[in-house]
Amino acid sequence: MPELPEVETVRRGVAEWVTGREIATVEVRHPRAVRRHLAGPVDFAERLTGAIVTGARRRGKFMWLPLDTGDALLCHLGMSGQLLIQPPAAPDGPHLRVRLGFTEGDTELRFVDQRTFGEMLVSVDGAELPGQIAHIARDVYDPLFDAAAFSAALRTRRSEVKRALLDQSLISGVGNIYADETLWRTMVHGGRPTESLTADQVTAMLGHLRDVFDAALAQGGTSFDSLYVKVNGESGYFDRSLEVYGREGLPCRRCGTAVVREKFTNRSSFYCPRCQPPAHMTP
DNA sequence: ATACGGTCCTGTTCGC
DNA sequence: TGCGAACAGGACCGTA
């Protein structure tokens, strides 16, 4: 599942391959891929055609390609989305959703997405920051990310820590996997009430979050070659570095206690019951 | 305003 | 063996 490190890996690859290129052709293969472009697929294509990509930017799990028109091509990979740089002659495959051709160069940009949770849209005048993601909080790599403000906001919430970590309007880029990894490193159970965390604990948690992201990014950064911008939704390349996610019944890498899996808002949470005692067991 | 469960989607895995 | 159920989950939306 692409979270911040995976999206950043894709952003770097896309930036390298499409910056400065002029979009010549746009083909929307599945309308759902542009469902949030309310003016429709034809308008989507018209706004892109002839525009020059000036870079690739990211906030949290969203990335966008600023265009010389002042608009931006906004993209979210969802659960299974990939952006691929491929030769036009490469086989389409069953999950090709959008294809962008350029006036020059031997490659095209493809949006491939099996589960169609991902999406693309053209944000009018969105080059600097698409209005559609104005509500998305800055992520920990943003120079303007305000740790103190995050800490204050989190601790005044009446919610649970994991839920807060996953709230993209509070802090962006964190998904289910890295939330569990961060909580394990912080030795805090995700069900802990947000107001029960001390400022020092929040500071430590942010440090662990950055460490986990850094480690994943270091791996992701080496995982795509020149013609394939990789987002691996199936057998993730970060599997090796996971300390707790997906390890139900296996020994905690810190203390050896069997990792527990529990239901959390229609998904799974993994934690060590000894290192991360559930809230009701915390003094 | 904040909190939170339901919903979308499809390939894979699981259980009877 | 076959087939339906469960599972994976990010962001949005309606409701309280």
Side-chain angles (χ1 to χ4, degrees), chain A residues 1-8 10-11 28-38 58-64 74-83 92-98 111-121 123 129-139 149-150 152-183 190-196 209 213 216 231-239 242 244-249 261-271 279:
Chain A
M1 286 27 90
E3 301 180 30
L4 187 150
E6 293 72 42
V7 178
E8 174 61 14
V10 171
R11 187 199 66 77
V28 177
R29 300 288 297 266
H30 195 309
R32 185 171 154 78
V34 296
R35 62 192 177 280
R36 282 223 292 159
H37 187 92
L38 302 180
R58 182 189 56 73
R59 174 175 287 193
K61 304 170 198 170
F62 286 89
M63 66 169 284
W64 69 95
L74 180 64
C75 179
H76 194 290
L77 299 174
M79 294 282 299
S80 54
Q82 296 175 302
L83 287 175
D92 284 359
H95 307 305
L96 175 63
R97 307 306 184 196
V98 178
F111 179 52
V112 175
D113 187 18
Q114 177 195 101
R115 288 184 230 178
T116 72
F117 273 40
E119 58 169 325
M120 279 184 157
L121 64 83
S123 179
L129 179 70
Q132 290 82 357
I133 61 166
H135 63 292
I136 301 295
R138 296 180 190 276
D139 59 65
F150 167 75
L154 180 138
R155 293 166 60 225
T156 53
R157 287 248 163 153
R158 295 285 175 183
S159 188
E160 299 175 353
V161 178
K162 182 168 179 180
R163 184 176 283 276
L165 277 177
L166 295 175
D167 185 339
Q168 305 298 303
S169 69
L170 202 52
I171 185 171
S172 68
V174 187
N176 198 41
I177 294 171
Y178 291 113
D180 278 5
E181 293 296 303
T182 298
L183 290 164
R192 279 275 297 278
T194 45
E195 69 265 30
S196 76
L209 177 58
F213 278 174
V231 173
N232 195 331
E234 332 285 335
S235 54
Y237 45 76
F238 47 81
D239 277 1
L242 295 181
V244 69
Y245 184 85
R247 303 191 73 245
E248 179 183 20
R261 169 186 184 160
E262 68 182 11
K263 282 289 180 186
F264 169 78
T265 62
N266 283 332
R267 60 206 63 178
S268 294
S269 288
F270 299 87
Y271 68 98

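To find a chain, count down the sequence lines: A is the first, B the second, and so on, and within it residues start at 1. What you see is a predicted model, and the numbers here were worked out from it, not measured in a lab.
- A straight line from NZ of A:K162 to C1' of B:dA3 spans 17 Å, rounded to a whole angstrom.
- A:C75 has its side chain within reach of A:L83: a pair of non-hydrogen atoms, C-beta onward, lies under 4.5 Å apart.
- Contact check on A:E119 versus A:R35 returns no salt bridge, with no Lys/Arg side-chain nitrogen under 4.0 Å from an Asp/Glu carboxylate oxygen.
- Atom CG in A:L170 sits about 14 Å away from atom P in C:dA11, given to the nearest Å.
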Problem - Worked check of side-chain contact (heavy atoms from CB on, under 4.5 Å) between A:D139 and A:F213 - result: CA-CA 11 Å; A:D139 59 65; A:F213 278 174; 5.9 Å; no
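- Separating the CD1 atom of A:I171 from the P atom of C:dA11 is a distance of 13 Å, rounded to the nearest angstrom.
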Exercise for the section: Check the pair A:L166, A:T265 against side-chain contact (heavy atoms from CB on, under 4.5 Å), reporting the backbone distance first and the verdict last. Expected result: CA-CA 11 Å; A:L166 295 175; A:T265 62; 5.7 Å; no
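- The terminal axes of the helix from B:dT2-C:dA16 to B:dC16-C:dG2, fitted over 5 pairs per end, subtend an angle of 60° to the nearest 10°.
- Put simply, A:R115 has no side-chain N or O that comes within less than 4.0 Å of OP1 or OP2 on C:dG10.
- Atom CG in A:L74 sits roughly 14 Å away from atom C1' in C:dG10 (whole-Å rounding).
- Nearer to the 5' terminus of DNA chain B, by closest-nucleotide assignment, is the contact made by A:T194 (compared with the other of A:T194 and A:R97).
- Among C:dA11, B:dG6, B:dC9, the nucleotide with an atom closest to any side-chain atom of A:N266 is B:dG6.
- Of the candidates C:dA11, B:dG5, B:dC9, B:dG5 carries the atom nearest the A:T265 side chain, counting heavy atoms from C-beta on.
- To the nearest angstrom, P of B:dT2 lies 18 Å from CG of A:L166.
- Counting heavy atoms from C-beta on, the side chains of A:D180 and A:F264 never come closer than 4.5 Å.
- In terms of phosphate contacts, A:Q114 brings no side-chain nitrogen or oxygen within less than 4.0 Å of OP1 or OP2 of B:dT10.
- Residues A:Y178 and A:E6 form a side-chain contact, since some pair of their non-hydrogen atoms from C-beta on lies under 4.5 Å apart.
- The shortest distance between the side-chain N/O atoms of A:S80 and the OP1/OP2 oxygens of B:dG11 is not below 4.0 Å.
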Check nucleotides 12-16 of chain C for protein N or O atoms closer than 3.5 Å to its own N or O atoms and list the pairs.
from   : atom 1 : to     : atom 2 : distance (Å)
C:dC12 : OP1    : A:R36  : NH1    : 3.4
C:dC12 : OP1    : A:R36  : NH2    : 3.1
C:dC12 : OP2    : A:H135 : NE2    : 3.1

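- With B:dG5, B:dT10, C:dG10 as the candidates, the nucleotide lying closest to the side chain of A:R163 is B:dG5.
- Across all non-hydrogen atoms, the minimal contact from A:T116 to A:D113 is CA-OD2, 3.1 Å.
- For A:K263, the listed nucleotide lying nearest its side chain is C:dC7; candidates were C:dG10, B:dC9, C:dC7.
- Where A:E160 and A:R267 meet DNA chain B, the nucleotide closest to each residue was compared, and A:E160 sits on the side nearer the 5' end.
- For the pair A:F117 CZ and B:dC8 P, the interatomic distance rounds to 9 Å; values are reported in whole Å.
- Atom C1' of nucleotide B:dA3 and atom CZ of A:F264 are separated by 12 Å, given to the nearest angstrom.
- Using modelled atom types, one side-chain atom of A:T194 and one backbone atom of A:R157 make a donor-acceptor pair closer than 3.5 Å.
- Ranking C:dG10, B:dT10, B:dC8 by closeness to the A:R32 side chain, first place goes to B:dC8.
- Qualifying salt bridge (Lys or Arg N to Asp or Glu O under 4.0 Å) partners for A:E181, counting only residues two or more places apart in sequence or in other chains: none.
- In this structure, A:M79 atom CE and B:dT7 atom P are separated by 18 Å, rounded to whole Å.
- Look at A:H95 and you won't find any side-chain N or O under 4.0 angstrom from OP1 or OP2 of B:dT10.
- In this structure the side chain of A:H76 never reaches within 4.5 angstrom of the side chain of A:F117, judged on heavy atoms.
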